[in-house]
Amino acid sequence: MADASGSSERYRQGMATRRSVLGDAHVDRASGLATGFDQPFQEMITEGAWGTVWSRPGWSKRERSMVTIALLAALGHDEEVAMHVRATVNTGASRDDICEALLHVAVYAGVPAANRAFKLAKQVFEEMDAGQAMGEKDE
């Protein structure tokens, strides 16, 4: 595990990938809100999710984005769905891609989960179209 200075290569790669997907403002805000209590969690997700999974070769950020949105929607993680829908401006996943991912959610995880995710995505698209940045609630 890396310390806050990002001493491991996996942490540095994870932070670069995290910033490329979520944007500097979002990552700076999340990092700035970290305390001694949740700093180990921030380091773990930076190394594990971003430095290991999101940084692997083979899949594009677009593909990872679609799978991530579908999984989060299936699990009902609304804030994370919204955050990753916003991040599609950086991953290259289109609104059509998100629609297709959520159609899969409807069939394989249930219509209520997909219905909720479609509603969230539409709200995020409205915010994005109005020029609003990544939401303040997201980590």
**OP:** Could you tell me whether a side-chain N or O of H77 sits under 3.5 Å from a main-chain N or O of A73, the two making a donor and an acceptor?
**Re:** no
Original post:
Can you check side chain to side chain contact (heavy atoms under 4.5 Å, CB included) on D97 and E100, steps first, answer last?
Top reply: CA-CA 5 Å; D97 291 333; E100 292 298 325; 5.8 Å; no
**OP:** Calculate, to the nearest 0.5 Å, the distance between atoms CE and OG1 belonging to M15 and T46 respectively.
**Re:** 4.0 Å
Subject >> Spatial distance of atom CZ (F125) from atom OG1 (T88) [nearest 0.5 Å] >> reply: 6.0 Å
Original post:
If Ile, Leu, Val, Met, Phe, Trp and Tyr residues are connected whenever their side-chain heavy atoms lie under 4.5 Å apart, and connections chain through other members, are V105 and L103 in the same group?
Top reply: yes
Original post:
Roughly how far apart are F118 CZ and I98 CD1, rounded to 0.5 Å?
Top reply: 10.0 Å
**OP:** Would you please test R95 and D129 for salt bridge (Lys or Arg N to Asp or Glu O under 4.0 Å) and show each step?
**Re:** CA-CA 12 Å; R95 293 179 185 195; D129 291 344; 2.7 Å; yes
Original post:
Is M83 close to H26 at the side-chain level, that is, under 4.5 Å between some pair of heavy atoms?
Top reply: yes
**OP:** List the steps, then state whether side chain to side chain contact (heavy atoms under 4.5 Å, CB included) holds for R64 with V21.
**Re:** CA-CA 10 Å; R64 291 184 195 286; V21 171; over 6 Å; no
**OP:** Looking only at non-hydrogen atoms, find the nearest pair between K61 and S20 and report the distance.
**Re:** CE-OG, 3.1 Å
Original post:
What is the distance from atom CZ of R19 to atom CG of N90, rounded to the nearest 0.5 Å?
Top reply: 12.5 Å
Original post:
Hey, quick one: are V81 and M128 part of the same hydrophobic cluster, counting side-chain heavy atoms closer than 4.5 Å, chains of contacts allowed?
Top reply: yes
Original post:
Distance-only, no hydrogens or angles: does the D38 side chain make a donor-acceptor pair with backbone N or O of T35 under 3.5 Å?
Top reply: yes
Original post:
Closest approach of Q42 and R18, non-hydrogen atoms and distance?
Top reply: OE1-NH2, 2.9 Å
Subject >> Nearest atoms (heavy-atom pairs only) where T91 meets W54 >> reply: CG2-CZ3, 4.3 Å
**OP:** Test side chain to side chain contact (heavy atoms under 4.5 Å, CB included) on E47 and Q13 and set out the steps.
**Re:** CA-CA 8 Å; E47 284 190 344; Q13 177 61 56; over 6 Å; no
**OP:** Answer with yes or no whether the hydrophobic clustering places L22 together with M66; edges join I, L, V, M, F, W, Y residues whose side-chain heavy atoms lie under 4.5 Å apart.
**Re:** no
Original post:
Are there more than 12 heavy atoms of other residues, nucleotides or ligands under 6.0 Å from atom CZ of R10?
Top reply: no
Original post:
Would a hydrophobic clustering, with Ile, Leu, Val, Met, Phe, Trp and Tyr connected at side-chain separations under 4.5 Å, put V89 with V85?
Top reply: yes
Original post:
Of T68, I69, V67, which meets side-chain contact (heavy atoms from CB on, under 4.5 Å) against S65?
Top reply: I69
Original post:
Does the N115 side chain pair with the main chain of P112, one donor and one acceptor, at a distance under 3.5 Å?
Top reply: no
Original post:
For K122 and K119, what are the C-alpha separation, side-chain angles and deciding distance, and is it a side chain to side chain contact (heavy atoms under 4.5 Å, CB included)?
Top reply: CA-CA 5 Å; K122 285 171 41 177; K119 180 180 176 184; 5.9 Å; no
Subject >> Nearest heavy atoms of A70 and A101, plus distance in Å >> reply: CB-O, 4.0 Å
Subject >> From CD (Q39) to OG (S31), nearest 0.5 Å >> reply: 7.0 Å
Original post:
What is the distance from atom CG of L72 to atom CG of D78, rounded to the nearest 0.5 Å?
Top reply: 10.0 Å
